[in-house]
Amino acid sequence: MKNLETTSLSAGYLTRKGEKRILEGLDLGLEKGQLVCLLGINGSGKSTLLRTLGGFQEPLGGSVSIRGKFLEQTGTRDRAKLLSVVLTHNQISGMMTVREVVSLGRYPYTNWLATMGSRDHEMVDEALTLTGMASEADSYFDQLSDGQQQKVIISRAVAQDTPIIILDEPTNHLDIGNKAEILQLLQSLAHDKGKSILVSTHDLDFALQMADVLWVIKKEKVFTGPPEQVLMDGILEEAFPYSGIDLFSGKVIKRATGPESYVEGSGRSAEVTRSALRRLGFRLTTKRNDASLVVSVTETNSWHLHHDGKKLYLDTMEKLLEELKRLLLEGTITQ
Amino acid sequence: MRTFLILFGVLLLIFLADISLGSVTIPIDAIISSLFGSEVEQDSWKRIILDFRLPRAITAVLVGSGLAVCGLQMQVLFRNPLAGPFVLGISSGASLGVALVVLAGIGLGWAAFTPWISAIAAAVGSGLVFLLVLVVASRVKDSTTLLIFGLMFGSATGAIVSVLQYFSEAEDIQIYLLWTFGSLGGVTYSDLGILAPLVIIGIGLGFGMVKSLNALLLGETYAGSLGINVKRSRLGIIVSASLLAGVITSFCGPIAFIGIAIPHLTRIILPTSDHKVVYPVTILTGAIALLICDIISQLPGSQLVLPINAVTALVGAPVVIWLVLKKGNIRRALT
């Protein structure tokens, strides 16, 4: 049995004029132990879908079932034992310690006074350890960095001990290191703890590297499959009709119109030099003979610039960049 | 727990001080024997203590803790540090009721009930607004709408009262103004028979909501995902807060400041936002604060009495500003 399943689900919202359907006829399934990344452009309905799957919004048609039970037939409290959520923004008011925030995850299991038993304390400790936040347990939540806060919120979801965790763009506004750490954390929760994790994100490159399955929203439909299959079928290109980005690498495509250049050498310095040329608008060629400009990187991190029969020695990156800009400006290099 | 016991001790001391101090100086042994029902040197002392100062001090305890708890609930529900007991428009309803009776002379056929008339008018006014708030609360999806409703209602009532004042006799205006000054002294033992149980019910109902209050610190979506029935919790909080605000305003007039300031003060003292701790401590600090204000308003040793409403703000504002600045965590305490 799947952890979560939808049958011809339609999602959207009600307006004064009637229903506004954003997604239609969805038959989706979340397996145990899977990390699923939900991709789609802004306004494609990612949040609407997640809200509908989480039971925060009524479906406009079809049904959602969790472990074989229809979502609308489960009470708020039972649902909280099956499904936990993490949102983009965590505006927690007041002064709470990390441990207090994570303990909120035990609310579906505690009495009206939220009295914690030994099992509850164990679960909280375990969740804190798993996310690497145990050392911050007694810090105040609002004094942590954004990345740490998000980890605490995820710890809370872990402490909630649900087979499904739904996360709505949890890595937005985090730096690249934190993004990677959070996705690694989610992957290990799926693979090692057997949870079904559904996370929406704008980080295509991370999603392609980490997800077991991608859900890609394209024109009111959701296409699913392993990342490689989605790439092969060209679904990403259709779902993200952007010309400015290379979807496979996630790199910005620079419209290079400048002279052909060739970088001689290997290693990090050569990589950086290529990236500098690309940024300034030079085209890079793989054949030395085609190039009107050749930059060779020496072992001592300095550069020899060959062009037009002349050879120039530059000992810092700053000087190299200046020289390259001057060449471009003067237009002395023939193509 | 230690803080709680200390504060309880302080409450007892201040309570005794409130009974001991007043325009008539009474020796401490006479006060103690009056309280324990033994014979006292002068019969008038016993009467002053038992018939005036004791009910007045009990009223201060009930009103102080009731308003403080009410403000706490509103601040959490609306996630707004400026919210207080009167944001829902309950006291505006009471003011309108009193203004209509006193200024416009509606229902003055009951003039026989003079001491009771403003209390009845206030109770009817706040009761009607209470029902209106309940209807609105059960229809709207988010709390902000409710907050705006309360504010708009407050402004509209203020305008009506202004118009009424403009067309009223100076004498009537003075009666109305006296009511808005607030008073703890007008409450007799038979009034306490109504006030006390209602305030205790309101505070008790609110205490039943501490788990919801904690969950609401994460916002309504998270609270829902933690198994809290947000709609039901919101109604519970509103019933508790409106009951307290309505009953207290009916008997004592609109007493400002306590409801907004005391919850902040309590959080700064503790410092935590866990309502299992904050709620009971707020009951104590609210009672202590209003008792102190009552002592000051009596101007011990003189024949003068200041309106309680002026004292709460005059004494309270500098104290809160000092505490907030000294602790240096303005933002954390207030959000």
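Chain letters run A, B, ... following the sequence lines, proteins first, then strands; residues in each count from 1. Values below: all heavy atoms of this structure, side chains included; hydrogens, waters and symmetry mates excluded. All values reported here derive from a predicted model rather than from experimental measurement.
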(message) Can you confirm whether more than 12 heavy atoms, excluding those of Phe149(B), are under 6.0 Å from its CZ atom?
(response) yes
(request) Give, as side chain, backbone, both or neither, the part of Tyr107(A) having an atom under 4.5 angstrom from any heavy atom of chain B. (result) both
(request) Please indicate whether Glu72(A) has more than 12 foreign heavy atoms, meaning atoms of other residues, nucleotides or ligands, lying under 6.0 Å from its CD. (result) yes
(request) Rounded to the nearest 0.5 Å, what's the gap from OG on Ser273(B) to OH on Tyr140(A)? Could you check? (result) 8.0 Å
(message) To the nearest 0.5 Å, what is the distance between CZ on Phe141(A) and CG on Leu218(B)?
(response) 8.0 Å
(message) Measuring from atom CE of Met209(B) to atom CH2 of Trp112(A), what distance do you get when rounded to the nearest 0.5 angstrom?
(response) 10.5 Å
(request) Count the heavy-atom pairs under 4.5 Å between each of Asn214(B), Leu216(B), Asn229(B), Val210(B) and chain A, then report the option with the highest count. (result) Asn214(B)
(request) Specify the closest pair of heavy atoms between Ala80(A) and Gly227(B), including all atoms of both residues, with the distance to one decimal. (result) CB-N, 3.3 Å
(request) Count the heavy-atom pairs under 4.5 Å between each of Val101(A), Thr97(A), Val86(A) and chain B, then report the option with the highest count. (result) Val86(A)
(message) If I take atom CG from residue Leu226(B) and atom NZ from residue Lys81(A), how far apart are they, to the nearest 0.5 angstrom?
(response) 13.0 Å
(message) Need one label for Leu83(A): side chain, backbone, both or neither, based on atoms under 4.5 Å from any heavy atom in chain B.
(response) backbone
(request) Using a 4.5 Å cut-off on heavy atoms from C-beta on, say whether the side chain of Met96(A) contacts that of Asp274(B). (result) no
(message) For the CZ atom on Arg119(A), are there more than 12 heavy atoms of other groups (residues, nucleotides or ligands in this structure) within a distance under 6.0 Å?
(response) no
(request) To the nearest 0.5 angstrom, please state how far the NZ atom of Lys276(B) sits from the CG atom of Leu113(A). (result) 6.5 Å
(message) Between Ile228(B) and chain A, with a heavy-atom cut-off of 4.5 Å, which part of the residue counts as in contact: side chain, backbone, both or neither?
(response) both
(request) Kindly indicate, with the supporting measurements, whether the criterion side chain to side chain contact (heavy atoms under 4.5 Å, CB included) is fulfilled by Leu270(B) and Met95(A). (result) CA-CA 10 Å; Leu270(B) 286 174; Met95(A) 286 177 274; over 6 Å; no
(request) Kindly compute the distance separating OG (Ser225(B)) from CG (Leu104(A)), expressed to the nearest 0.5 Å. (result) 10.0 Å
(request) Tell me, for Arg106(A) versus chain B, whether the close heavy atoms (under 4.5 Å) come from the side chain, the backbone, both or neither. (result) neither
(request) Quick one: closest heavy-atom pair of Asn111(A) and Lys211(B), and the distance? (result) O-NZ, 3.1 Å
(message) Taking side chain as everything from C-beta outward and backbone as N, CA, C, O, which of these in Thr221(B) sits under 4.5 Å from a heavy atom of chain A? Side chain, backbone, both or neither.
(response) both
(request) Decide yes or no for Tyr222(B) and Ile92(A): does some side-chain heavy atom of the first lie under 4.5 Å from some side-chain heavy atom of the second? (result) no
